[in-house]
Amino acid sequence: MSSVLYYALPTLGGYVMLSIFFLRRPRLLHTPGVPAFRPRLGAHRGGSGERLENTMEAMENSMAQRADLLELDCQLTRDGVVVVSHDKNLSRQSGVNEDVSNLDFKDLPLYKAELEVYFSPGHFAHGSDRHMVRLEDLFQRFPRTPMSVEVKEEKEELIHKIACLVRHYDRNEITIWASEKSSVMKKCKAANPEMPSSFTLSRGLWVLLLYYLGLLPFIPIPEKFLLSFLPTIINRTYFPFTCPGLNQLAAVLAKWFIMRKSLIRHLKERGVQVIFWCLNEESDFEVAFGLGATGVITDYPTALRRYLDNRGRASQAS
């Protein structure tokens, strides 16, 4: 036994030192590409805390605050139109118990006059524009604005049409594939491999495991974006479980596992941009950028713009 330890301990120690060395200097093993854009201010559902979510008015308001990224979800209507909608069923958004896929685009109902802001419970957004918009409308209105397009289900027609629209409007480099499901992401990347992709849930957990095992510096990473929730918002604005006890446990574990500056720094050195969602308070902005995040996705682009401008002035003054 002692002879095994005699060889095993130095080998393990050497592996740990080598892993730490390349974790801090990943460019010795990997050459990151130059990103087409670096989003600091991302607007969740187009900025759903200040105007009705996913409306053109919300997008215009966010762009007035110099948003670097519009975060969207897409659905497909019965007549094959790609529309920007978080929900597949229209009950919450419009009060109509019908799926988007069961209606033609011209028959889609208006949004409600006010909608609760999902990540700011008890707060409501209003707006004069209550119309759902086509993804193509946004591509035409904001031709060079980066967008993150999330696909929630394995709908090949939807994925194919998004991919074709991105190609048609020459947006391959500035439109991000996003999905929590690896099966969906596989189809997305097959439909348009030129678009940068974000981590799925399982891929994100895999990266965390590799990080703690010391293997991450030696594994290739094809994704260009990590869109992650900030653990400190659990139990305040984000409730992933119905059981309060599970939420408390998730908050503690996620904070311990995810909020690692060395991990975020390594990913950024590898060309992966880390963006935290969905943050609506200045204290959370501070935590995210303090960890080294590239950017933040928020429901309140005006608040984030004010924070970024004040932070920039403070850094110049110092």
Check: Where do Val151 and Asp73 land on the side chain to side chain contact (heavy atoms under 4.5 Å, CB included) test, with the steps shown first?
Finding: CA-CA 6 Å; Val151 181; Asp73 306 85; over 6 Å; no
Lys/Arg-Asp/Glu bridge criterion (N-O < 4.0 Å) met for [X], [Y]:
| X | Y | value |
| --- | --- | --- |
| Lys106 | Asp79 | no |
| Lys187 | Glu156 | yes |
| Lys152 | Glu150 | yes |
| Glu157 | Lys155 | no |
| Glu53 | Arg92 | yes |
| Asp104 | Arg78 | yes |
| Asp309 | Arg66 | yes |
| Arg141 | Asp137 | no |

What is the minimum heavy-atom distance between [X] and [Y], and which atoms define it?
| X | Y | value |
| --- | --- | --- |
| Gly204 | Phe199 | N-CD2, 4.0 Å |
| Arg144 | Arg171 | N-NH1, 4.2 Å |
| Lys112 | Gly95 | CE-N, 3.5 Å |
| Asp68 | Pro39 | CB-CA, 3.5 Å |
| Pro301 | Leu41 | O-CD1, 3.7 Å |
| Ile275 | Leu69 | CD1-CD2, 4.3 Å |

Check whether any side-chain N or O of [X] sits under 3.5 Å from a backbone N or O of [Y] as a donor-acceptor pair, and report yes or no.
| X | Y | answer |
| --- | --- | --- |
| Asp129 | Thr55 | no |
| Lys161 | Gly80 | yes |
| Glu223 | Val272 | no |
| Glu57 | Gly127 | no |
| Asp284 | Leu279 | no |
| Arg305 | Gln65 | yes |
| Asn247 | Phe241 | yes |
| Asn310 | Arg306 | yes |

So, [X] versus [Y], ring centres under 6.0 angstrom or not?
| X | Y | result |
| --- | --- | --- |
| Phe229 | Phe276 | no |
| Phe37 | Phe225 | yes |
| Trp256 | Tyr212 | yes |

Item checked: Stepwise side-chain hydrogen bond (donor to acceptor under 3.5 Å, both in side chains) test for Ser85 and Gln75 -> CA-CA 6 Å; Ser85 173; Gln75 307 287 342; 5.2 Å; no
Side-chain heavy atoms of [X] within contact of [Y], under 4.5 Å:
| X | Y | result |
| --- | --- | --- |
| Pro240 | Ile234 | yes |
| Arg167 | Asn172 | yes |
| Val184 | Ile159 | yes |
| Glu136 | Val82 | no |
| Met259 | Val287 | yes |
| Ser182 | Ser202 | yes |
| Cys74 | Ile162 | yes |
| Val296 | Leu304 | yes |

Pairwise distance [atom1]([X]) to [atom2]([Y]) - rounded to 0.5 angstrom:
| X | Y | atom1 | atom2 | value |
| --- | --- | --- | --- | --- |
| Trp177 | Ser198 | CH2 | OG | 11.0 Å |
| Met195 | Ser197 | CE | OG | 9.5 Å |
| Leu70 | Ile297 | CG | CD1 | 10.0 Å |
| Glu154 | Ser179 | CD | OG | 8.5 Å |
| Leu201 | Trp206 | CG | CH2 | 14.5 Å |
| Glu281 | Leu230 | CD | CG | 11.0 Å |

How about [atom1] on [X], more than 12 heavy atoms from neighbouring residues, nucleotides or ligands closer than 6.0 Å, or not?
| X | atom1 | answer |
| --- | --- | --- |
| Glu269 | CD | yes |
| His131 | NE2 | no |
| His30 | NE2 | yes |
| Glu180 | CD | no |
| Tyr118 | OH | no |
| Glu282 | CD | no |

Next item on the list: List the steps, then state whether side chain to side chain contact (heavy atoms under 4.5 Å, CB included) holds for Leu76 with Val81.
Entry: CA-CA 6 Å; Leu76 193 67; Val81 177; 5.8 Å; no
Under a 3.5 Å threshold, yes or no: a donor from one side chain and an acceptor from the other, between [X] and [Y]?
| X | Y | result |
| --- | --- | --- |
| Glu50 | Tyr300 | no |
| Glu71 | Ser148 | no |
| Asp99 | Ser101 | no |

Next item on the list: Please state whether the rings of Phe119 and His44 are parallel, tilted or perpendicular, taking 30° and 60° as the class boundaries.
Entry: perpendicular
Next item on the list: Take Tyr211 and Phe257 through the ring-ring contact (aromatic ring centres under 6.0 Å, His included) test and state the conclusion after the steps.
Entry: CA-CA 10 Å; Tyr211 169 74; Phe257 279 105; 9.7 Å; no
Next item on the list: Verify side chain to side chain contact (heavy atoms under 4.5 Å, CB included) between Leu90 and Val100, making sure each step is shown before the conclusion.
Entry: CA-CA 7 Å; Leu90 296 165; Val100 173; 3.7 Å; yes
Margin query: Run Val83 and Leu135 through side chain to side chain contact (heavy atoms under 4.5 Å, CB included) and show every step you take.
Written below: CA-CA 5 Å; Val83 293; Leu135 182 62; over 6 Å; no
